[in-house]
Protein chains: 2
Amino acid sequence: MRISVQAKQENRARILKAAVEIFTVKGFDATTTRDIALASGLAAGTMFNYFPSKETLAMTMVAEALGQGRSDFVHRRTGKEELGEELFLFIASGLRRLRPLRSFIGPVFERSLSPFPRRTVCHEGEAARLEHLDVVQEIISRHGYSEAPDYVAMTIYWSLYLGILAFWANDESLNQEASQSLIDYSIRMF
Amino acid sequence: MRISVQAKQENRARILKAAVEIFTVKGFDATTTRDIALASGLAAGTMFNYFPSKETLAMTMVAEALGQGRSDFVHRRTGKEELGEELFLFIASGLRRLRPLRSFIGPVFERSLSPFPRRTVCHEGEAARLEHLDVVQEIISRHGYSEAPDYVAMTIYWSLYLGILAFWANDESLNQEASQSLIDYSIRMF
DNA sequence: ATATTATTATGAGCGTGCTCATTTTATGTT
DNA sequence: AACATAAAATGAGCACGCTCATAATAATAT
């Protein structure tokens with residue numbers, strides 16, 4: 001069967017919407033792919049024509065949110081911030097857009113953002129990582145460190161960033177103030 | 001059926017031995033719990049009387065190795081090292097004992113050492129983390145920072161340490177020299 | 001010896017993420 | 001309108017980690 005491009009986009013959107021809703025209620029692990037497919041009005045297997053894995057489905061949401069966060073950041077920065085301020089702004093912009101996913105996205109971070117080879121590569125996660133690091137490199141370069149930050153520095157940065165994401169996802173303090181403090185310390189150290 | 005204490009220990013040891021061998025050949029994910037049970041001369045379900053999950057089985061090996069590494073460290077340090085030197089020695093002692101697991105343990109690190117609540121808590125991982133951090137706190141305290149390192153510092157430390165473990169597990173440089181360099185940078189920053 | 005009991009081993013079976021041969025249908029062609 | 005074709009939907013089914021009712025047996029009591 002052929003379906004129109006529009007119908008395909010609608011299906012994709014319905015899957016994403018249903019997934020967010022069920023993940024939010026039941027959590028990532030307790031939500032089955034069958035749950036999501038049926039709630040989207042599709043058969044169990046059809047979901048996998050749109051997203052190759054449950055993990056990729058979730059990472060697609062993350063990548064989208066981080067993309068928007070990056071765009072927010074680009075439009076919001078004045079170009080006059082200190083290095084640390086600018087990094088903080090960038091990280092905070094991403095977290096703001098990730099907010100709707102916060103209640104269930106923790107487990108996904110811990111599995112999908114590793115910089116190292118995995119059994120099932122998740123391109124969405126890989127791409128999100130590289131795009132994030134590109135911006136960080138650009139920020140650092142613009143602040144006078146003429147030589148591009150090296151591989152070790154980026155490895156360390158990513159470790160700290162993953163720690164922030166994991167902490168933030170589980171941070172029950174008001175408005176995630178604790179996370180802001182962690183970001184602050186991490187940046188200063190970096 | 002009752003079996004002697006000795007027989008039980010033998011079963012446990014056989015499971016661990018078989019698991020290490022098969023993990024090494026096939027990798028963690030591609031090894032099935034049935035593989036391990038059968039290679040140990042036990043039925044599929046029996047393995048779970050000894051280890052509640054495949055993940056716990058692997059983390060038991062990690063915990064054991066880190067325990068030995070900690071013991072090595074305690075016996076090897078002179079007490080005259082600089083703070084950084086001592087941290088390096090501690091981390092390196094753990095990695096040395098983890099060496100036999102290096103080829104397959106990466107995925108386990110990435111799932112089991114998170115400091116945050118998980119669907120299935122893995123006590124072995126939790127315990128390993130706390131014991132490691134205890135030693136780190138003790139090291140830092142002995143070096144004159146009278147007030148105990150706070151929660152934020154320990155969170156950051158653990159992020160960096162996880163990054164080191166993940167990097168090391170995938171480090172194909174000779175004798176993992178690249179990892180040594182990463183440890184060095186991470187400690188200096190910390 | 002025999003019976004009883006506590007403890008362990010067993011493997012059929014469940015729910016899961018995911019695959020794939022088959023069926024269905026929107027679109028292009030005559 | 002009838003047909004052909006390409007692309008997408010379907011759901012039975014697989015392998016996996018893990019559970020649990022049942023069977024088996026070593027230790028203990030009689």
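Throughout, protein chains are lettered first and strands after them, A, B, ... in sequence-line order, and every chain is numbered starting at 1. All values below were derived from every heavy atom in this structure, side-chain atoms included, with hydrogens, water molecules and symmetry-related copies excluded.
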task: Using whole Å, report how far CZ of B:Phe23 lies from C1' of D:dG17.
output: 12 Å
task: Please state whether the rings of A:Tyr157 and A:Tyr161 are parallel, tilted or perpendicular, taking 30° and 60° as the class boundaries.
output: parallel
What donor-acceptor contacts under 3.5 angstrom involve side-chain atoms of residues 182-190 of chain B, with partners at least two apart or in another chain?
unit_1: B:Asp184; atom_1: OD2; unit_2: B:Arg188; atom_2: NH1; d: 3.4
unit_1: B:Ser186; atom_1: OG; unit_2: B:Leu182; atom_2: O; d: 2.8

- prompt: Rounded to the nearest Å, what distance is computed from the CG atom of residue B:Leu57 to the C1' atom of nucleotide D:dC18?
  reply: 14 Å
- line: Between CZ of A:Phe51 and P of C:dT19 the distance, given in whole Å, is 15 Å
query: A:Phe104 and A:Phe28: aromatic ring centres closer than 6.0 Å?
result: no
statement: When rounded to whole Å, the CD to P distance for the pair A:Glu10 and D:dA8 reads 15 Å
- prompt: Whole-Å distance between D:dC16 C1' and B:Ile36 CD1?
  reply: 12 Å
- prompt: In whole Å, what is the span from the CD1 atom of A:Ile15 to the P atom of D:dA8?
  reply: 13 Å
message: I need the CZ-P distance between A:Phe48 and D:dA8, as an integer number of Å.
response: 18 Å
- prompt: What pairs with B:Lys17 under salt bridge (Lys or Arg N to Asp or Glu O under 4.0 Å), at least two apart in sequence or on another chain?
  reply: none
- prompt: Should the pair A:Asp35-A:Lys26 be classified as a salt bridge under the 4.0 Å nitrogen-to-oxygen rule?
  reply: yes
field: Reading 5' to 3' through nucleotides 7-16 of chain C, protein heavy-atom contacts under 4.0 Å coded B for base, S for sugar-phosphate only, - for none
entry: BBBBB-B--S
task: Take B:Arg77 and B:Phe90, measure what side chain to side chain contact (heavy atoms under 4.5 Å, CB included) needs, and give me the verdict at the end.
output: CA-CA 9 Å; B:Arg77 72 170 163 189; B:Phe90 179 48; over 6 Å; no
